[in-house]
Amino acid sequence: MELNQVSALLESAPMKLETGFERLESGVLHVACRTDMHGCSGEMFEWWFRSRPDTQRYIWWHPVDHVASHWIEGTADTHIGSIHLAEEYFSGLPSQKLAIQFRHPHEFFEPDGYERAKRDKRVSAAICARISPEEGLFKRDNEGRLLGGRLLHIGRDTSWGLVLRSHFYLGQDLVSQGLGAETITEMVPEEFGQALLMHCYNEFTFLSRFLPSLYVGENRDKLSVGTPW
């Protein structure tokens with residue numbers, strides 16, 4: 001699935017690649033991961049990113065792979081426009097420092113189609129971003145958008161929790177820089193795609209284990225909270 005075909009994520013029907021990784025003709029590495037987050041909702045998921053988790057919460061999120069978390073730019077009321085400076089391991093590979101710039105979903109999806117999917121409850125959460133290595137000065141285009149890869153986390157509420165589809169396009173902007181498929185393949189090996197898939201599944205499985213309780217505790221003044229007894 002190419003980046004220009006991601007509108008398929010707005011539908012609930014199964015796709016050809018729900019979990020796995022593939023090398024696109026351009027050389028871009030596409031990684032897909034479905035995670036069933038029991039007891040969670042799209043609102044909880046988006047709130048987690050709006051809360052801009054610090055290093056302590058970041059380690060809670062993935063106690064094996066996550067190292068450090070800092071946020072720059074943007075405003076405190078939304079993740080959109082913020083840049084997350086993260087250091088993390090990817091399932092046994094050396095740690096990396098990344099810059100993750102969160103963007104509005106309309107940058108990735110046709111606006112009317114996206115808003116219709118939300119109204120129809122086919123989508124309850126959408127976290128979309130551009131990814132760039134943090135080492136050195138990350139590059140931007142003329143509109144301030146980071147150059148590198150793409151990240152999409154698209155969620156749908158169900159009776160049991162949140163179906164989360166995570167898709168990554170690694171090396172996406174290398175194509176527009178004129179690099180060929182062979183060069184991109186060398187720069188973004190399939191070994192990394194496999195490690196990223198495992199990392200993604202693990203981090204959102206870990207998150208699902210405590211996110212509902214944390215969300216209720218942090219929002220108890222706005223929620224009707226039942227007690228277990």
Side-chain angles (χ1 to χ4, degrees), residues 1-10 21 28-35 37 42-54 57-58 61-62 65-88 90 96-111 114 117-118 123-135 137-155 162 164-176 188 192-193 195-197 199-201 203-204 207 211:
M1 185 174 73
E2 300 281 353
L3 182 62
N4 62 8
Q5 298 174 314
V6 296
S7 60
L9 292 170
L10 303 180
F21 52 94
V28 170
L29 187 61
H30 171 218
V31 180
C33 180
R34 170 177 164 144
T35 311
M37 300 183 66
E43 166 57 26
M44 293 179 188
F45 189 77
E46 289 202 350
W47 169 83
W48 175 251
F49 286 87
R50 291 197 304 270
S51 73
R52 300 156 74 102
D54 60 11
R57 286 190 176 188
Y58 195 56
W61 186 355
H62 194 322
D65 283 359
H66 286 176
V67 178
S69 170
H70 305 283
W71 295 75
I72 61 173
E73 303 185 5
T75 60
D77 60 330
T78 179
H79 60 285
I80 295 174
S82 300
I83 295 179
H84 184 203
L85 302 178
E87 182 178 358
E88 56 191 329
F90 288 98
Q96 295 197 26
K97 293 183 178 181
L98 302 174
I100 305 168
Q101 183 188 45
F102 294 99
R103 310 290 298 177
H104 197 285
H106 288 180
E107 182 178 310
F108 297 81
F109 300 100
E110 189 275 322
Y114 172 74
K118 288 186 64 178
V123 171
S124 61
I127 302 296
C128 305
R130 289 168 168 260
I131 315 170
S132 176
E134 188 193 337
E135 295 294 345
L137 295 175
F138 40 78
K139 296 180 180 180
R140 306 185 193 229
D141 64 14
N142 293 334
E143 297 182 26
R145 300 175 299 188
L146 292 192
L147 297 175
R150 305 290 189 274
L151 171 161
L152 299 99
H153 298 306
I154 307 300
L162 184 70
L164 181 66
R165 286 164 156 174
S166 301
H167 286 252
F168 304 84
Y169 290 84
L170 307 177
Q172 184 68 34
D173 288 321
L174 296 176
V175 178
S176 60
V188 189
F192 185 74
L196 175 58
L197 194 161
H199 170 86
C200 181
Y201 181 83
E203 72 175 347
F204 288 119
L207 181 62
L211 179 59

Enquirer: Hey, is the main chain of M37 close enough, under 3.5 Å, to the side chain of T35 for a donor-acceptor pair?
Expert: no

Enquirer: With a 6.0 Å cut-off on the ring centroids, do F102 and W71 count as close?
Expert: yes

Enquirer: After noting the C-alpha distance and the side-chain angles of C128 and F109, does the key distance pass the side chain to side chain contact (heavy atoms under 4.5 Å, CB included) rule?
Expert: CA-CA 10 Å; C128 305; F109 300 100; 4.1 Å; yes

Enquirer: Would S69 and D54 count as a side chain to side chain contact (heavy atoms under 4.5 Å, CB included) if you check the C-alpha gap in whole Å, the side-chain angles of each, and the deciding distance to 0.1 Å?
Expert: CA-CA 5 Å; S69 170; D54 60 11; 5.6 Å; no

Enquirer: Compare all side-chain heavy atoms of F108 with those of Y114 and state whether any distance is below 4.5 angstrom.
Expert: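 No, side chains not in contact.
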
Enquirer: Would you say that L196 contacts F21 through its side chain, given a criterion of any heavy-atom pair below 4.5 Å between the two side chains?
Expert: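 They are not in contact (no side-chain heavy atoms under 4.5 Å apart), so the answer is no.
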
Enquirer: Ignoring hydrogens, what is the shortest heavy-atom contact between G144 and Q101? Give both atom names and the distance.
Expert: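 So the minimum-distance heavy-atom pair works out to O-NE2, 3.0 Å.
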
Enquirer: Roughly how far, to the nearest 0.5 Å, is the NE2 atom of H199 from the CZ atom of F204?
Expert: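 Rounded to the nearest 0.5 Å, the CZ-NE2 separation comes to 7.5 Å.
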
Enquirer: Taking all non-hydrogen atoms of both residues into account, name the closest pair between T78 and R52 and its distance.
Expert: O-NH1, 3.9 Å

Enquirer: About how many Å separate CD1 of I127 and CG of L164, when rounded to the nearest 0.5 Å?
Expert: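 Taking CG in L164 and CD1 in I127, the distance rounds to 9.5 Å.
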
Enquirer: Indicate yes or no for a side-chain donor-acceptor contact from H84 to the backbone of A86 under 3.5 Å, with no hydrogens or angles considered.
Expert: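 Absent.
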
Enquirer: Roughly how far apart are Q172 CD and H30 NE2, rounded to 0.5 Å?
Expert: 10.5 Å

Enquirer: Restricting to non-hydrogen atoms, name the atom on L151 and the atom on I131 that form the minimum distance, rounded to 0.1 Å.
Expert: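 For L151 versus I131, the nearest heavy atoms are CB-CD1, 3.5 Å.
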
Enquirer: State, with a plain yes or no, whether a side-chain heavy atom of F168 is found less than 4.5 Å away from one of L197.
Expert: no

Enquirer: Hey, are the side chains of D173 and R150 touching, using non-hydrogen atoms and a 4.5 Å cut-off?
Expert: yes

Enquirer: Could you grab the distance from atom OG of S124 to atom CZ of F45, nearest 0.5 Å is fine?
Expert: 9.5 Å

Enquirer: Would you say the side chain of R145 lies within less than 4.5 Å of the side chain of E107, judging by non-hydrogen atoms?
Expert: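 Yes. Closest side-chain heavy atoms under 4.5 Å.
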
Enquirer: Looking at E46 and K118, is any side-chain nitrogen of the basic one under 4.0 Å from a carboxylate oxygen of the acidic one?
Expert: no

Enquirer: Give me the atom names and distance for the closest heavy-atom approach of W61 to E203.
Expert: CD1-O, 3.2 Å

Enquirer: Is the backbone of Y58 close enough, under 3.5 Å, to the side chain of H66 for a donor and an acceptor to pair up by distance?
Expert: yes

Enquirer: Could you tell me whether a side-chain N or O of R130 sits under 3.5 Å from a main-chain N or O of L146, the two making a donor and an acceptor?
Expert: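 Looks like yes, one N/O pair under 3.5 Å.
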
Enquirer: Considering all heavy atoms of both residues, which atom of S166 and which atom of H153 are nearest to each other, and what is their separation?
Expert: OG-ND1, 2.7 Å

Enquirer: When you look at H167 and V6, which way does the side chain to side chain contact (heavy atoms under 4.5 Å, CB included) test go after all the steps?
Expert: CA-CA 9 Å; H167 286 252; V6 296; 5.9 Å; no

Enquirer: Decide yes or no for L211 and W47: does some side-chain heavy atom of the first lie under 4.5 Å from some side-chain heavy atom of the second?
Expert: yes

Enquirer: Using the salt bridge (charged side-chain N to carboxylate O under 4.0 Å, His left out) rule, take E143 and R103 through it: C-alpha gap first, then chi angles, then the decisive distance, then the call.
Expert: CA-CA 12 Å; E143 297 182 26; R103 310 290 298 177; 5.5 Å; no

Enquirer: Minimum heavy-atom separation for I100 to A129, with atom names?
Expert: CG2-CB, 3.6 Å

Enquirer: So, taking the atom named CD1 in I83 and the one named CD in E73, what distance separates them when rounded to the nearest 0.5 Å?
Expert: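 Between I83 CD1 and E73 CD, I get 4.0 Å after rounding to 0.5 Å.
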
Enquirer: I'd like to know whether M1 forms a side chain to side chain contact (heavy atoms under 4.5 Å, CB included) with Y169, so could you lay out the CA-CA distance, the side-chain angles of the two residues, the decisive distance to 0.1 Å, and finally the verdict.
Expert: CA-CA 10 Å; M1 185 174 73; Y169 290 84; 3.4 Å; yes

Enquirer: With no hydrogens and no angle check, is any side-chain donor or acceptor of Q96 less than 3.5 Å from a backbone partner on F90?
Expert: no

